[in-house]
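All remarks here apply to the structure that follows.
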Amino acid sequence: CSESDLGPISLNWFEELSAEAPP
Amino acid sequence: GVAEDLIPVLLDGVREESLQLVSKIKDSCSCCAVDVGAVWWEAAGSRELCVVTAGESAVSLWRPLAPDHWGKVHTWQLGEVPVIQIIPLPDTCNLVCIALGDLEIGEIRLLQVSSENDSLKQSLVKTGNIKAVLGLKDRRLVSSSRTAHEQQVEITSLSETGRIKDGWTLMPPEETVLAFAEVEGMGDALVGTTTVNSIVIWNLKTGQLLKKMRVGYSYPASICHQAYSDSGLLFVVLSHPHAKESESCGNPAFRVVAFNPRTARSTGVMFSSLPPGLTGRQVPYLEGDVKDTSAAAVLTSGTIAVWDLLLGHCTALLPPGPAGSWALARWATNSTCLLAGQRDGTVCLYRY
């Protein structure tokens with residue numbers, strides 16, 4: 001799969017989603 | 001064209017060489033076998049890999065006595081509520097965890113042997129209308145349960161001696177969670193699959209629900225077995241117990257799907273289909289087990305099939321023997337040993 005199929009990829013997705021999600 | 005290339009090619013030689021019978025356990029009790037598993041057990045200073053067999057009303061521990069010979073060392077008698085499954089607890093020793101219930105799980109128990117007087121002990125971990133449960137690393141259990149109005153997703157932390165140490169809840173999604181999987185190499189991440197075919201991601205430590213992603217409508221009722229994170233993508237091994245044959249990719253029993261957790265977009269990476277000749281409506285698989293990159297499942301025909309999930313190939317088939325059909329297929333602590341069980345209590349250990 002390529003990045004264009006899946007959208008921009010972040011290596012730190014877990015930390016970023018944890019910072020954004022409601023506590 | 002690409003999908004057609006993924007349909008497995010089976011060679012007779014591969015089937016015969018991939019699984020080697022190592023030993024056999026035959027339980028003399030005539031109870032109907034409901035599950036089998038492997039557990040580390042330490043006694044008299046030595047730690048061994050033992051086999052656990054579960055019937056509806058009793059659970060037995062078997063230890064290796066000699067090559068090709070197993071001895072039953074403990075049998076826990078359960079009450080009127082039947083045993084439904086053994087819940088493997090990774091990285092634990094001298095602890096057997098089981099689920100009991102009628103149609104659904106009603107309680108979870110721990111079975112142990114007292115270090116003081118060698119008596120057999122049972123302790124209640126949880127009761128409720130439990131829809132899914134999984135043993136996690138570091139002696140933790142995650143379960144989803146339903147009350148009349150809401151769903152609770154709960155972590156229970158156990159001590160080395162099997163006492164409940166701590167417990168906390170994870171934020172539940174609206175729909176019922178049917179299965180859980182730890183994310184390999186990411187200690188605080190947990191995924192689950194739900195009744196409406198979504199994947200949810202939690203932060204185990206904070207309890208936050210981080211993301212909900214659609215699996216897609218092509219293969220309903222997906223069950224997650226394993227997940228790992230690599231290069232910013234979340235790879236999830238899904239099975240489709242009720243998959244229908246499709247022209248594009250055969251009859252996939254297992255799929256590896258890559259999700260981008262940032263965008264919730266996904267793409268199929270690998271299909272592991274039923275072997276040619278076994279496809280069709282009459283042979284969806286009954287139940288499966290995934291360890292490392294290997295999957296094993298019992299087909300409704302009574303055959304056990306084994307797949308290499310990274311290759312998308314069926315690598316071994318165990319047809320029903322003269323004694324009857326296979327009913328259970330479980331990996332021991334890793335995917336080099338397959339436990340194959342029949343309803344009459346016979347368990348065969350195969351080296352893979």
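Every chain is numbered from 1 and lettered A, B, ... according to where its sequence line falls, protein lines coming before strand lines.
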Are side-chain N/O atoms of S18(A) and N203(B) paired as donor and acceptor at under 3.5 Å?
yes
Looking at every non-hydrogen atom in both residues, tell me the closest pair between W202(B) and F14(A) and how far apart they are.
O-CE1, 3.9 Å
Keeping the roles fixed (side chain from N260(B), backbone from P8(A)), state whether a donor-acceptor pair exists under 3.5 Å.
yes
Side chain, backbone, both or neither: which part of L209(B) has a heavy atom under 4.5 Å from chain A?
backbone
Of all residues at least two apart in sequence or in a different chain, which pass the ring-ring contact (aromatic ring centres under 6.0 Å, His included) check with W331(B)?
Y352(B)
Interface residues of residues 174-190 of chain B facing chain A - non-hydrogen atoms under 4.5 Å apart
M186(B), D188(B), A189(B)
Which heavy atom in A21(A) sits nearest to a heavy atom in L210(B), and how many Å separate them?
CB-CD2, 3.9 Å
Do P261(B) and L17(A) come within less than 4.5 Å of each other through their side chains, counting heavy atoms only?
yes
T156(B) meets the side chain to side chain contact (heavy atoms under 4.5 Å, CB included) criterion, sequence neighbours left out, with V125(B), L141(B), L158(B), I164(B)
Nearest 0.5 angstrom please: I9(A) CD1 to R265(B) CZ, how far?
10.5 Å
Do you know which two heavy atoms are closest between T263(B) and L6(A), and how far apart they sit?
OG1-O, 2.6 Å
Could you please spell out the steps behind the salt bridge (Lys or Arg N to Asp or Glu O under 4.0 Å) verdict for K211(B) and E20(A)?
CA-CA 10 Å; K211(B) 199 79 176 179; E20(A) 292 165 15; over 6 Å; no
Are any of the side-chain heavy atoms of W13(A) and I201(B) separated by less than 4.5 Å?
yes
May I ask you to name which of K205(B), Q208(B), M171(B) has the most heavy-atom pairs under 4.5 Å with chain A?
Q208(B)
Could you list the residues that satisfy ring-ring contact (aromatic ring centres under 6.0 Å, His included) with Y228(B), not counting sequence neighbours?
F235(B)
Honestly, the part of E16(A) sitting under 4.5 Å from a heavy atom of chain B is both
